[in-house]
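Presented below is the structure to which this report refers.
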2 protein chains.
Amino acid sequence: METTLTISVQDYLKAIYELTAGGEPANTTALATRLGIAPASVTGMIQKLSRIKPPLVEYRKHQGVKLTAQGNKAALEVIRHHRLIEAWLVQTLGYSWDEVHAEAEQLEHAISEDFEARIASALGNPERDPHGEPIPSVNLTMPEDTLLPLAALRKGQAAIVKRVNAENPELLRHLDSLGLVPGTKIEITDYSPYDNNLTVLIDDQDFVIGLAISTKIFVEKF
Amino acid sequence: METTLTISVQDYLKAIYELTAGGEPANTTALATRLGIAPASVTGMIQKLSRIKPPLVEYRKHQGVKLTAQGNKAALEVIRHHRLIEAWLVQTLGYSWDEVHAEAEQLEHAISEDFEARIASALGNPERDPHGEPIPSVNLTMPEDTLLPLAALRKGQAAIVKRVNAENPELLRHLDSLGLVPGTKIEITDYSPYDNNLTVLIDDQDFVIGLAISTKIFVEKF
DNA sequence: ACAAATATTTAGGTGATCCTAAATATTTTA
DNA sequence: TAAAATATTTAGGATCACCTAAATATTTGT
């Protein structure tokens, strides 16, 4: 048995937050896919969220959804929880960066504001989680990142890895094995315009990095 | 809005576990009161739990409920989570014993078995939580306590406080202020058979302790 | 041992979140 | 620009965990 778990409002808001990162409203199908439910169910919930007392989302038929200021705050609150928990699992319980996402996904809904404050303080109010993702501040504003995707670098350029946009544990273990983790200094030794592959010098060794990966790694030029 | 939260199967099992501690089956009304729902709702859920594939409870109309072996394991699993979390909140995040219950109540449902193992190991596999309640072992057996309620002591007897059966934060703070916490050595300096009050010497000071409290404090004779 | 009080169960209903299938709107392609 | 493909919404339904009110069973008090 063990009841099929229902998706929380916070999960909807977080998904919308992520899908609207580029500025465009999120569309029903993308949301449905991400949440693992039918598009029709998304429509229903979104209509509800757009009609409650202080609306959490802004919605117009066939035009997709965006978060209201209210909804944005609520999303950032969960994201702050999530990222603080990830940092804390790594630093105090010896988790590796590929293990923390699933655990944090559950815990983010269960912790109190007091708990949040205690781990934030115990960790020295960190600004990034183990993947380098910025942690929203206590007053719920998201720090702006001015990082470049690795894919934007060209031959000869050097940089420091700052952020890895990935949750998939297998991929994360792979990146870890390459040394492609926040803090690592890298240099582009070759670039193939034909297939967009980069040859990257990491810890004195060359690796060929494809487009799929190089758009997920964010760096700061050296 | 923020959806009215529904009671989990684990919460039912935990409540039944606690209400059947004395050996008698738990009755519908007591369960309903403890869970904060209507008796009719309890009847419905219990009937369901008694009919699922491996039944979690044993139920006969008008005769109350008991846990099956399966149900017992499931209850001990949550209780282990709860008590480990309490111990860990106190030892690593500076919570006081009156603050941990509510937080643990949420977290106990959100942690993985891996998380459980990590905190158990980080704490050195503790046998008791901050209130002195025994923590079920990894293989889910509850260690037997052979403690006496403080109420059973008489004039002249000395003992060490081992366990405090209370969740109420206000009461816990009160007990803390008296020094009535696990580890404290006490001595009965007087007993009034009329009202069952005990006069107890705690840290060189006498306190009068009523029946309501003295049945919640468990001790080991000195 | 019976009536009264109490406890429990049954019956029927509500709201929440999901579903599928059909209807409609939008976007793409030729 | 019209047909085809795709995306979205509407309509109607299922399930789940709760509810209240009424029916029934058990326990208590005299």
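Chain naming here is simple, since letters A, B, ... match the order of the sequence lines and numbering starts at 1 in each.
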Mind calculating the distance between [atom1] ([X]) and [atom2] ([N]) to the nearest angstrom?
X: I52(B); N: dC16(D); atom1: CD1; atom2: C1'; value: 14 Å
X: I46(A); N: dA7(D); atom1: CD1; atom2: P; value: 16 Å
X: Q63(B); N: dT24(D); atom1: CD; atom2: C1'; value: 14 Å
X: L35(B); N: dC19(D); atom1: CG; atom2: P; value: 10 Å
X: I37(A); N: dA7(D); atom1: CD1; atom2: C1'; value: 16 Å
X: D11(B); N: dC16(D); atom1: CG; atom2: C1'; value: 16 Å
X: R51(B); N: dC16(D); atom1: CZ; atom2: P; value: 14 Å
X: R60(B); N: dA7(C); atom1: CZ; atom2: C1'; value: 17 Å

[N] OP1/OP2 closer than 4.0 Å to side-chain N/O of [X]:
X: T6(A); N: dC18(C); answer: yes
X: K48(B); N: dC16(D); answer: no
X: Y59(B); N: dT9(C); answer: yes
X: T28(A); N: dT9(D); answer: yes
X: K61(B); N: dT24(D); answer: no
X: Q47(A); N: dT8(D); answer: no

Worksheet item: Can you find a heavy atom in the side chain of L148(B) that is under 4.5 Å from one in the side chain of F218(B)?
Response: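 When only atoms from C-beta onward are counted, F218(B) and L148(B) do not touch, as no gap falls below 4.5 Å.
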
Worksheet entry | Side chain proximity check, L140(A) to E77(A), heavy atoms < 4.5 angstrom |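 L140(A) vs E77(A): side chains touch.
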
Worksheet item: What does S41(B) touch in the nucleic acid at a heavy-atom separation under 4.0 angstrom: a base, only the sugar-phosphate, or nothing?
Response: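 Result for S41(B) = base.
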
Options [options], nucleotide nearest the side-chain atoms of [X]:
X: T43(A); options: dT8(D), dC19(D), dT9(C); value: dT8(D)
X: Y12(A); options: dC18(C), dC18(D), dA25(C); value: dC18(C)
X: M45(B); options: dA17(D), dT10(C), dT20(C); value: dA17(D)
X: I7(B); options: dA21(C), dT20(D), dC18(D); value: dC18(D)
X: A40(B); options: dT10(C), dA7(D), dT9(D); value: dT10(C)

Worksheet item: Is the shortest distance from a Lys or Arg side-chain nitrogen in E108(B) or K14(B) to a carboxylate oxygen in the other one below 4.0 Å?
Response: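 Answer for the salt bridge query: yes.
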
Worksheet item: Atom CG in D98(A), atom CG in L171(A): separation rounded to 0.5 Å?
Response: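 The CG atom of D98(A) sits 10.0 Å away from the CG atom of L171(A).
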
Worksheet entry | Rounded distance (nearest 0.5 Å) linking atom CG of D145(A) with atom CZ of R163(A) |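 Answer rounded to 0.5 Å: 4.5 Å.
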
Discussion item. Need to verify one output field. Residue with the more 5' nearest nucleotide on DNA chain C, H62(A) or G36(A)?
Written reply: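 On the 5' side of the pair lies G36(A).
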
Fill in: S112(A) side chain to D114(A) side chain, donor-acceptor N/O pair below 3.5 angstrom
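Absent: no donor and acceptor within the cut-off.
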
